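All values derive from a computational prediction rather than experimental measurement.
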Amino acid sequence: MDAPLGSGEIEFLRASYREYYYRASLWTPPGLESREMGFLTFEGSFRRHMRFGSPRELVAEVLREVPWGIFYSVSRYEDPSNPEMEGKGWMGADMVFDIDVKDLHPPCIEEHDFHICEDGSVRRLSDPAPGCRRVDWVCPLCVEAGRREVLKLLDVLQRDLGVRPDSITVYFSGHRGFHVHVEGDLEDLAKEARAQVVEYLTLGSYDPGLALRFLDTTEDGLATLVGWPRRVADALRRRFGVPPTRAALERLAGDPGSAVRQALQEVAVRIDPQVTMDLSRIFRMPTSLNEKTGLMKARCEDVIACDPLEEAVAIGDEPVKVEVSHAPKLHLGGYVYGPYDRASVRLPAYVAAFLVSKGVAKVVK
């Protein structure tokens with residue numbers, strides 16, 4: 001169930017988005033004229049199959065319409081405006097990966113996500129009820145969980161699949177996840193080949209027994225392992241502190257198979273498989289604002305050092321009075337706000353936009 005927005009809230013968000021897009025240097029995808037563009041409107045409709053011949057045309061349309069969300073196709077087409085996918089004429093596609101913190105199940109989610117009900121009551125995430133909707137929050141621990149998964153993905157892409165570092169770009173999604181774009185390398189891969197890449201990353205059908213057979217060797221033999229067998233061996237070494245031969249695991253773990261299964265879970269990269277395999281997908285455009293938060297899809301130049309909850313703030317800080325029904329503590333723009341419960345407060349516009357986008361605040365005129 002989407003967050004309900006009143007006319008006052010839509011007016012506030014639209015004005016905030018318009019002000020941002022007027023002053024922003026909007027990123028546009030390479031090969032724009034061969035990309036399909038899509039706009040999510042504040043009225044809740046979705047326009048697809050749009051084509052723009054130049055960045056100036058796209059920016060002009062963004063300023064004219066002020067979309068709630070801006071998306072572009074990962075694929076390049078001969079005729080991107082054709083409403084039939086078969087008639088577009090596929091020419092290749094970027095490889096994209098979506099890491100959603102919700103799929104990582106960090107403990108903090110149970111602490112700050114919640115359900116809000118039609119009568120205004122709030123229920124814990126573990127206690128849902130009919131007529132209530134889930135509200136996803138974001139905190140620094142969410143960001144760290146996503147960051148760790150991104151680093152795992154980058155390591156596999158570069159060391160195992162040979163992807164050049166300069167063809168990879170990492171973005172904070174603007175909500176509580178990360179997007180990893182690979183441009184140039186792998187662009188000719190069809191859906192079936194991309195499915196194999198996903199399988200390699202996620203270890204979806206990897207046989208623990210096979211991994212255990214790789215470990216049925218000497219300590220010197222472990223040094224020859226590459227790819228996933230090496231990663232599994234490294235994870236086991238970190239856990240047990242010794243070279244993880246099968247004999248060592250039988251002595252230290254009791255059940256070598258269970259130890260290997262845990263190691264496989266640790267080293268598997270948790271991505272949304274459909275995002276990577278779907279060649280017809282349109283993806284959130286960098287530097288555009290995320291309708292779930294009002295935050296920008298922001299590039300992480302340095303994955304380890306970037307602070308998305310500060311760097312992705314794009315809306316201004318002029319004070320806005322809002323009535324907040326319920327909001328856990330919020331780290332945003334270098335400050336901490338809340339928690340709030342049935343409170344009337346004046347907040348910077350970017351904080352108000354976040355709360356309004358979540359459907360937990362109303363703008364007070």
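For Lys152, the side-chain hydrogen bond (donor to acceptor under 3.5 Å, both in side chains) partners are Glu149, not counting sequence neighbours. Every side-chain contact (heavy atoms from CB on, under 4.5 Å) that Asp166 has, sequence neighbours left out, goes to Arg164. Residues forming a side-chain contact (heavy atoms from CB on, under 4.5 Å) with Asp155 (at least two apart in sequence, or on another chain): Arg159, Arg231. Residues satisfying the side-chain hydrogen bond (donor to acceptor under 3.5 Å, both in side chains) criterion with Trp90, sequence neighbours excluded, are Ser75. Considering only residues two or more places apart in sequence or on other chains, Arg76 meets the side-chain contact (heavy atoms from CB on, under 4.5 Å) condition with Ser34, Arg35, Met91, Glu187.
Salt-bridge formation is detected for the pair Asp234/Arg230: a Lys NZ or Arg NE/NH1/NH2 atom is positioned less than 4.0 Å from an Asp or Glu carboxylate oxygen. Using a cut-off of 4.0 Å between Lys/Arg side-chain N and Asp/Glu carboxylate O, Arg237 and Glu219 are scored as not salt-bridged.
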Side-chain donor-acceptor pairs under 3.5 Å in residues 121-132, sequence neighbours left out?
from   : atom 1 : to     : atom 2 : distance (Å)
Ser121 : OG     : Asp119 : OD1    : 2.6
Arg123 : NE     : Asp127 : O      : 2.7
Arg123 : NH2    : Asp127 : OD1    : 3.1
Arg123 : NH2    : Asp127 : OD2    : 3.0

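Asp207 and Ser205 are not linked by any side-chain donor-acceptor pair at a separation below 3.5 angstrom, with hydrogens and angles left out of the test. Side-chain polar atoms of Lys297 and His179 form a donor-acceptor pair below 3.5 angstrom.
Here the side chains of Met277 and Val198 are in contact, with some heavy-atom distance below 4.5 Å. Between Tyr200 and Trp228 there is a side-chain heavy-atom pair separated by less than 4.5 Å.
Checked options Asp113, Leu104, Val101; the residue passing with Cys142 is Val101 (criterion: side chain to side chain contact (heavy atoms under 4.5 Å, CB included)). When each of Asp100, Asp136, Val138, Leu295 is paired with His175, the side chain to side chain contact (heavy atoms under 4.5 Å, CB included) condition holds for Asp136 and for no other.
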